[in-house]
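What follows is one structure encoded as structure tokens, with my remarks underneath.
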Amino acid sequence: MSLAPLLILKTMKESVEALDDFINDFNLKTTNGTTVFNAVIHIVMKGRLQLQNSEVQIITSDGIFAIYLLNMDSGTTQVSDMYEAGKNLFRYTKRKCLKINGKAGENDFVISIFPEDK
């Protein structure tokens with residue numbers, strides 16, 4: 001039996017818990033399963049740090065757990081604008097930021113999302 005499905009389930013569980021904690025701690029919860037807010041985004045790839053501002057949309061409904069970075073400057077980054085739990089690892093640093101660990105081609109990256117004050 002392959003360990004891949006078990007690893008995906010573990011990553012999914014950890015990512016959903018991180019999303020839930022992040023949304024609750026920053027009082028971003030909505031009733032319709034879609035959370036939208038402005039944030040400062042830190043992208044680390046190949047040892048380089050890029051900073052951008054972006055509107056962030058988090059979907060948490062009907063078994064979908066995804067993060068969209070809505071207005072990133074794709075010309076300056078090599079990362080996607082959409083991330084799903086289970087395909088990427090989400091981690092939450094208490095009262096600080098939500099981190100997305102993933103891979104773009106051959107390169108590992110970490111995206112940190114710091115919500116702006118309301």
Side-chain angles (χ1 to χ4, degrees):
M1 180 177 153
S2 171
L3 291 178
L6 294 176
L7 183 59
I8 291 171
L9 285 175
K10 182 177 186 290
T11 300
M12 179 79 156
K13 182 179 183 300
E14 289 176 15
S15 293
V16 169
E17 288 173 0
L19 267 179
D20 192 46
D21 290 345
F22 174 76
I23 290 168
N24 288 329
D25 284 356
F26 282 97
N27 296 315
L28 301 170
K29 189 112 178 134
T30 62
T31 57
N32 66 0
T34 301
T35 301
V36 180
F37 59 95
N38 292 318
V40 176
I41 310 296
H42 293 191
I43 304 166
V44 177
M45 183 188 305
K46 297 188 217 174
R48 292 180 149 160
L49 172 65
Q50 296 178 19
L51 303 176
Q52 292 199 23
N53 293 317
S54 181
E55 187 173 31
V56 177
Q57 182 180 53
I58 299 176
I59 308 292
T60 56
S61 72
D62 298 328
I64 299 170
F65 301 93
I67 299 172
Y68 294 87
L69 306 177
L70 297 178
N71 47 358
M72 295 285 289
D73 182 1
S74 60
T76 62
T77 65
Q78 298 175 7
V79 296
S80 175
D81 60 355
M82 192 271 283
Y83 302 91
E84 294 177 80
K87 293 184 180 178
N88 299 276
L89 179 60
F90 303 159
R91 296 193 178 210
Y92 175 53
T93 302
K94 189 102 173 128
R95 299 295 306 152
K96 188 174 179 184
C97 68
L98 182 70
K99 292 186 178 187
I100 304 169
N101 294 73
K103 202 167 194 58
E106 296 293 315
N107 300 305
D108 293 330
F109 65 82
V110 177
I111 296 174
S112 301
I113 301 171
F114 297 86
E116 292 180 349
D117 293 333
K118 292 183 182 182

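We use all heavy atoms of the structure for the numbers below, so side chains are in, but hydrogens, waters and symmetry mates are not.
The cluster map of Ile, Leu, Val, Met, Phe, Trp and Tyr, joined by side-chain heavy atoms under 4.5 Å apart, puts L28 and F90 in the same cluster. Follow the hydrophobic side-chain contacts under 4.5 Å out from V40 and you never reach L49; the two are in separate clusters. I67 and V16 fall within the same hydrophobic cluster, defined by Ile, Leu, Val, Met, Phe, Trp and Tyr side-chain heavy atoms under 4.5 Å apart, directly or through other members.
Between A39 and I113, the shortest heavy-atom contact is CB-CG2, 3.7 Å. Closest heavy-atom contact between E14 and L89: OE1-CD1, 3.6 Å.
By the neighbour-count criterion of 12 heavy atoms within 6.0 Å, atom NZ of K96 is sparsely surrounded, having that number or fewer from other residues, nucleotides or ligands. For R95, the CZ atom sits in a packed shell: over 12 heavy atoms of surrounding residues, nucleotides or ligands are nearer than 6.0 Å.
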Trace of the side-chain contact (heavy atoms from CB on, under 4.5 Å) decision for N88 with F109: CA-CA 10 Å; N88 299 276; F109 65 82; 4.2 Å; yes
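Using a 4.5 Å heavy-atom cutoff, the side chains of V56 and L69 are in contact. Put simply, the side chain of I111 reaches to within 4.5 Å of the side chain of I41, judged on heavy atoms. With a 4.5 Å cut-off on side-chain heavy atoms, L98 and L19 count as touching.
The only member of N24, D25, D21 that meets side-chain hydrogen bond (donor to acceptor under 3.5 Å, both in side chains) when paired with Y92 is D25.
At least one donor-acceptor pair under 3.5 Å links the side chain of N32 to the backbone N or O of T34.
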